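So the structure is just underneath, and the comments pick up after that.
All figures in this text were calculated on a predicted structure; none of them were measured in a lab. Naming convention: chains lettered A, B, ... in sequence-line order (proteins, then strands); numbering from 1 in each chain.
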Amino acid sequence: EAQVTQNPRYLITVTGKKLTVTCSQNMNHEYMSWYRQDPGLGLRQIYYSMNVEVTDKGDVPEGYKVSRKEKRNFPLILESPSPNQTSLYFCASSPQAHQPQHFGDGTRLSIL
Amino acid sequence: RKEVEQDPGPFNVPEGATVAFNCTYSNSASQSFFWYRQDCRKEPKLLMSVYSSGNEDGRFTAQLNRASQYISLLIRDSKLSDSATYLCVVNILAGQNFVFGPGTRLSVLP
């Protein structure tokens, strides 16, 4: 089954404790992306990747890192999480950058 | 001005009604356009891509007006299952990033 898989689905953690949210797709897509969704602000792009070893900043990259060492994986790293990073996060992928994206189920992060 | 703006909503319509949503975008270099739907606390799902000539998929019709920089979505014969938030999405090819509108919430009432 074609899918984008995020882990964990839910996480409650404390300020400053490094965390990684994994994202994996099994569709051989070149383009992958991370978003956060907050009430009243909608979905905002954090980082995106056009292909392996190619990443770029979206609209809200501060406080986040990503890597794209393999085509299927695009982890989101919060080196020192802060409460303002409490949000619902989505990973997405598409065959190419201009094509519609397929989203994962989402990860709800709470930073205390 | 926000890059992508949508009707604020919410729209509350009876079953069987026709409802239209509008979306405007500010970057004239935008290349690709989509409508997604999102159910409460779920992931966005592609409803349809929007092509220059306009396109239809069953009860759904999407239109693009590049000169005026707006996109529309028409839903005919609304069903209860159409209740969701509808997201307008614009892709600026040069920047390769996607910008989502804030969404318009639709409630179809029995």
Quiz prompt | Residue-level contacts of residues 99-110 of chain B with chain A, using a heavy-atom cutoff under 4.5 Å | solution = Val99(B), Phe100(B)
Quiz item: What are the residues of residues 39-49 of chain B, in order of number, with any heavy atom under 4.5 angstrom from a heavy atom of chain A?
Solution: Arg41(B), Lys42(B), Glu43(B), Pro44(B), Leu46(B), Ser49(B)
Exercise. Give a yes or no answer on whether the side chain of Ser49(A) reaches the backbone of Val54(A) with a donor-acceptor pair at less than 3.5 Å.
Key: yes
Practice problem: Taking Thr107(A) for its side chain and Pro8(A) for its backbone only, find out whether a donor-acceptor pair lies under 3.5 Å. | Solution: yes
Pair [X] and [Y], ring centroids less than 6.0 Å apart:
X	Y	value
Phe74(A)	Tyr47(A)	no
Phe11(B)	Phe21(B)	yes
Phe98(B)	Tyr48(A)	no

Self-check item: CG-CG distance between Leu64(B) and Asn55(B), expressed to the nearest 0.5 angstrom
Solution: 9.5 Å
Exercise. Step by step, work out the salt bridge (charged side-chain N to carboxylate O under 4.0 Å, His left out) result for Glu53(A) and Arg68(A).
Key: CA-CA 5 Å; Glu53(A) 301 291 2; Arg68(A) 188 94 183 271; over 6 Å; no
Quiz item: Tyr25(B) vs Phe33(B) aromatic rings, parallel, tilted or perpendicular, using cut-offs 30° and 60°?
Solution: tilted
Exercise. Against chain B, work out which of Gly42(A), Gly104(A), Gly40(A) has the most heavy-atom pairs shorter than 4.5 Å and name it.
Key: Gly104(A)
Practice problem: Look at Arg44(A), His102(A), Gln37(A) and state which one has the largest set of heavy-atom pairs under 4.5 Å with chain B. | Solution: Gln37(A)
Exercise. Decide whether Tyr89(A) and Tyr64(A) meet the rule of one side-chain donor and one side-chain acceptor closer than 3.5 Å.
Key: yes
Exercise. Below 4.5 Å from any heavy atom of chain B, which atoms of Arg108(A) appear? Answer side chain, backbone, both or neither.
Key: side chain
Quiz item: Side chains of Leu11(A) and Leu19(A): closer than 4.5 Å at any heavy-atom pair?
Solution: yes
Quiz prompt | Check: Tyr35(A) and Ile46(A) side chains under 4.5 Å, non-hydrogen atoms | solution = no
